[in-house]
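Here's the structure, in C-alpha cells; my notes come after.
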Amino acid sequence: MEGSLLTLAWVAIVGFAVFMYVLMDGFDLGIGILYPFAPSEEARDVMMNSVAPVWDFNETWLILGGAGLFAAFPIAYAIVLPAMYLPLLLMLIALIFRGVAFEFRFKARSSRHLWNKAFFLGSLLATFAQGVVLGSFIQGIEVEGRNFAGTMLDWLTPFSLFCGVALIAGYALLGSTWLIWRTIGILQDWCFRVARRLLIVVLVLVAAVSLWTPFLDASIAARWFSVPNILLLSPVPLMVGFLAFGLWRALDEGREALPFAFAMGLFALSYLGLAISLWPVLIPPGITIWQAAAPPETQVFLLIGMAFLIPTILIYTAYSYWVFRGKVTGAIGYH
Amino acid sequence: MDLDPLLLSRIQFAFVISFHILFPSFTVGLACWIAVLEARWLITGKALYRSLSEFWTRIFAISFGMGVVSGIVMTYQFGTNWSRWSDIVGNVLGPLIQYEVVTAFFLEAAFLGILLFGRDRVPRGIHFLAAVLVATGTVLSSFWILSANSWMHTPAGAELRDGRFFVTDWWAVVFNPSFPYRLAHMLTAMFLTTGFVVAGISAFYLLRNRFLEHARVGLSMSLALITILAPLQIFLGDLHGLNTLEHQPAKIAAMEGHWEGGARAPLILFAIPDNEAETNHAEIAIPALSSLILTHEWDGVVPGLKNFPVADRPNPEILFWTFRIMVAIGMIMLAVALIHLVQRVRGKLYSPHWFHKVLVGCMPLGFVAILAGWFTTEIGRQPWVVYGIIRTADAVTPALTGGAVLTSLIVFMVVYTIIYGAGTYYLFRLLTIGPARLNDEDLEIPAVVQGHQPKRPLSVPGESIEPAE
C-alpha cells in the first residue's frame, strides 16, 4: 500500500508537470501560431516581447515532464519515446528553430523575415507534433515484453493527425486570450475577434475528439457510457459547456483577464477528461501506472527533493511573472 | 538497405552531444564571470562594470539559447534511440536527471529572464542576485549531469536484478568513485575555456585599439584566472588519470598506446596504433616514464591492451590521439600562464602585441580540449555503456530501424549547420561591435523605470547587428 501511495504521488507530479507545460508553453506556442496573421510588424514585436522573458522557463516544464517520466516510470519512457520517434524528431527540430528565433530575430535586419518564419513554423509544427503524439498515445502502443514492438510509422493515423490540428486551434486560443490580457489597442482588438472564432473551432474539434476517442477502445466507451458513470462523469462535459459560455460572454463584455482564465479552464477539463478515459493505464492499452512504476527506493529519494523544490519553483515562477506584469505596449526599444 | 541502427545511433549521439557540450563549456564560466562583474558594479558603482556585464550578457543569451535547444534534444535521445538503456538504468539515473531539472534548469530559466530583461524593473540587489542564481544553476547542472555520467563509468551503490539496476545506496550512486575527479576536471576546463575566450576578445580589442578600459579589465582578470587554473588543471588531470587507471585500466592502456603493458613501461610520444596488428608503428618513446607518471614508481606495472579480450578493448587508434591533443593544449595553457606572469612582473601586460596575438589565437583552445577530453573518456568507455556491466550494443532501441535513425541524423546535421552557423555569425558580429561606449550618458544615470516595459538589453534602437542593406 505504501508503494501505491508513492506511485499516486508520482502520477500527480508528472501529470502536473505535463499540465503546466501544456498551459504555459501552450500560450506562447499559440502566439507563434497567430504571429504571421498579426495586424502589423509592431504588433509582432509586442507579441514576441510579451513572452520573451518567460518562454524559456515555460519550456522547462517539458523537460520536467520528460525527466519525471524517465525517473518515476522508466519503462514508459523506454516504450513511448521510440514509438514516437518521428513526431518527436519533428517537435525537437521545430522547438530548436523557434527557440533561437527569439534571440536571432532581434539581431537580424535583412534576414529578419526568415526568423519570423522560423518562429511561426516552429510554433506551428511543434504544436502539431505534440497533438500527433497525444493522439497516437491515446490510440495505443504495441508492446512486447518491456519494449515497443511496432513500426516507426504506427503513429500515423487519421485520429492522431486530427489531434494535431485540434491542438493547433487550442494553443492559438490560449495565445489569443493571453494577448487580450497583456496588450492594448489594435492588437488587443484583433485578438478579441480572433479568440471568438477560435473558440468555435476549438469546441467543434474537442467535441469531435471526445466522440472519436471511445470508438478507439471499448473500455474507454464503457467507462463513459455505462450507467452509473454517465451520471457521475456528466459534470465534465457540462462544465465544458459552462466555461465555453463564460468565455464567450467575457469576450463580448470586453473583459481582459477573464478570457485567459476560462481558456485555461477548458484545457484543464480536456486534460481531466483524458485522465478519466485512461486511468489507471499509463501506456495504452495495457500497461498500468502500477506496472510501470519505479521501485520505492527510487521514488522516495526523488519525492524528498520534490517536496521542497517544486513549491520553491512555483514561488519564484510567480515572482518572475510578477516582475514582468502589466501591459506590454508599443515597440519602444525593439526595432 | 543495410543500415545499422546501433552504429547510426552512436554517430548521432556523438554528433548531438559534441555540439551541445560546446555551449555549457562556455556558459558555465560565463555565467560566473557575469556574476562577478555584477558584484563589482554593485559594490563600486562604476559604469565600466555594468557595460562589461551587459556586453557579456548579450553573448551569454545567444550561447545559452543554443545550449538549451540542443540540450532538449539530448534528454529525448535517451528514450528514442537508447530505450534499453533507459529501462536498465532508469531507476538509478532518472532521479539524477530529474534533480538536475528541478534544481538547475528552472533556476537558470527563471532568473535568466530577470537578468536579461529585468534590469530596470527590479532593484540592483535583486538583479545581482539573479546573476548569481543563474550562475549557481549552471554549476548545479554540471554537478548532476557529471554525477550521472560518472556513474556509467564507475557504477556503485546499485545492483543488477532481472536485467535492471536497483539502488542500494544513494550516497554511493551520486558520489561514485570517479565523480569528484570528473567534476573538478570538467568545471576547471569550463572556467579555462571561458577565461581564454575573455582573454582573447580583450586582447583583440587592445590590438585594435578599441574599448581599452574594458579590454584591460577583461585581460587582467581572465589571465589571473588562467594562471591559477592552468597548473591546477594539470594536477587534477593527473589525479583523474590515476582514478581511471584504478577503475578503467583498458582505457588507460588505449590512451597510452600500450599493447604489452608491464613494468618500466615507456611514455609513447608519437605512434600510429594499429588494431589489426596489435602494435604501434613509428613509435617514439621515453623509457619507463609512463610507469613513473601512472604509478609514481620506475618499476610500476601498467596495463596493456593485450591484457584484455579483444571484444572488451576501447579503440587506441582514436584515444591515443584525442588524449594527446588534450594534454598538449593543457601544456600550451600552462605556457600562456607563465608568459603572463613574466609580462605582468615586467609591467608590460597591456603593451606587447605578440602576446596579444597569441591570446587571440588561443581562443578556441578550451573548446578543442574539452571535445578531445570527452572523446577520450567516452570512447574509452566502449564497448560498455555501464562500464564492465552493460554493453552499448545492448542499450539501443530494439524496434529502431536504420532508416529512421539515418533520417534523424541527416536532419540534425542540416538543422545544426543552419542554426549554429547563424548563431556563430551573430556572436562574431556582437564581438566586433563590442561593449557600449562609456561616455553613454544613460550608463552614468541610475536606472529609471520606463513604464512596464521589459527593456531588452540585446536590442536597443538601431542596434541590429547585421549591416543594413
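Per chain, numbering begins at 1; letters A, B, ... match sequence-line order. Keep in mind the model is a prediction, meaning the values are calculated, not measured.
Put simply, the side chain of A:Phe301 does not reach to within 4.5 Å of the side chain of B:Val173, judged on heavy atoms. The shortest side-chain heavy-atom distance between B:Leu116 and A:Pro53 does not fall under the 4.5 Å cut-off. Two residues are said to be in side-chain contact when any heavy atoms from C-beta on lie closer than 4.5 Å; B:Trp170 and A:Thr298 meet this criterion. Looking at B:Phe105 and A:Ile63, their side chains come closer than 4.5 Å, going by heavy atoms from C-beta outward. Using a 4.5 Å heavy-atom cutoff, the side chains of B:Ile62 and A:Phe104 are in contact. Two residues are said to be in side-chain contact when any heavy atoms from C-beta on lie closer than 4.5 Å; A:Arg146 and B:Arg84 meet this criterion. Looking only at side-chain heavy atoms (C-beta outward), A:Ile93 and B:Phe412 come within less than 4.5 Å of each other. Within the 4.5 Å cutoff, the side chain of A:Asp56 has no heavy atoms near those of the B:Glu108 side chain.
Taking chain A as the reference chain and counting heavy-atom pairs below 4.5 Å, the highest number among B:Gly90, B:Gly79, B:Gly65, B:Gly113 is found for B:Gly79. In terms of non-hydrogen atom pairs under 4.5 Å with chain B, the most contact-rich of A:Ile75, A:Val100, A:Leu64 is A:Leu64. The candidate with the highest count of non-hydrogen atom pairs below 4.5 Å against chain B, out of A:Gly68, A:Pro82, A:Ala149, is A:Pro82. Chosen from B:Val89, B:Val405, B:Leu96, the residue pairing most often with chain A at heavy-atom distances under 4.5 Å is B:Val405. For the options B:Leu133, B:Ile126, B:Thr407, heavy-atom pairs under 4.5 Å to chain A are most numerous at B:Ile126. Heavy-atom pairs under 4.5 Å with chain A were tallied for B:Val101, B:Val69, B:Thr80; the largest tally goes to B:Thr80. For the set B:Pro398, B:Ala130, B:Ser83, the count of heavy-atom pairs under 4.5 angstrom toward chain A peaks at B:Ser83. Most heavy-atom pairs under 4.5 Å with chain A, from the set B:Leu400, B:Thr103, B:Val411, B:Thr397: that is B:Leu400.
The contact between B:Val102 and chain A is made by backbone and side chain atoms together, counting heavy-atom distances below 4.5 Å. Only the side chain of A:Tyr319 comes within contact range of chain B, judged by heavy atoms closer than 4.5 Å. Proximity to chain B is limited to the side chain of A:Leu89, based on heavy atoms less than 4.5 angstrom apart. With a 4.5 Å cut-off on non-hydrogen atoms, B:Phe111 touches chain A through its side chain but not through its backbone. For A:Ile96, the parts lying near chain B are the backbone and the side chain together; criterion is any non-hydrogen pair under 4.5 Å. Contact annotation for B:Val73: both backbone and side-chain heavy atoms come within less than 4.5 Å of a heavy atom of chain A. Proximity to chain B is absent for every atom of A:Leu69, based on heavy atoms less than 4.5 angstrom apart. Contacts between B:Leu112 and chain A at a heavy-atom distance below 4.5 Å involve the side chain alone, from C-beta outward.
Considering all non-hydrogen atoms of both residues, B:Tyr426 and A:Ser111 come closest at OH-OG, 3.3 Å. Between B:Leu107 and A:Tyr316 the shortest heavy-atom distance is N-OH, 3.1 Å. A pairwise comparison of heavy atoms in B:Ala422 and A:Trp115 identifies CB-CZ2, 3.7 Å as the closest pair. Here the closest non-hydrogen pair linking B:Thr401 and A:Met152 is OG1-CG, 3.5 Å.
With hydrogens and angles disregarded, no donor-acceptor distance shorter than 3.5 Å links the side chain of B:Gln98 to the backbone of A:Ala71. The closest donor-acceptor contact from the side chain of B:Tyr76 to the backbone of A:Leu81 lies at 3.5 Å or more, if one exists at all. A donor-acceptor pair under 3.5 Å links the side-chain atoms of B:Tyr99 to the main chain of A:Gly305, judged by distance alone.
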For this session: Could you walk me through whether B:Ile72 and A:Glu59 pass the side-chain contact (heavy atoms from CB on, under 4.5 Å) test, one step at a time?
Result: CA-CA 10 Å; B:Ile72 294 181; A:Glu59 210 165 287; 3.2 Å; yes
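The side-chain hydrogen bond (donor to acceptor under 3.5 Å, both in side chains) contacts involving residues 76-85 of chain A comprise A:Tyr85-B:Asn81, A:Tyr85-B:Ser408, where partners must be two or more places apart or lie in separate chains.
Not a single side-chain hydrogen bond (donor to acceptor under 3.5 Å, both in side chains) links B:Ser86 to another residue, sequence neighbours left out.
To the nearest 0.5 Å, atoms CG (A:Leu92) and CE (B:Met74) are separated by 11.0 Å. For the atom pair CZ (B:Arg121) and CZ (A:Arg325), the distance works out to 7.0 Å, reported to the nearest 0.5 Å.
For A:Glu41, the CD atom is densely surrounded, since the number of other residues' heavy atoms within 6.0 Å is greater than 12.
With ring centers used as reference points, B:Trp85 lies under 6.0 Å from A:Phe70.
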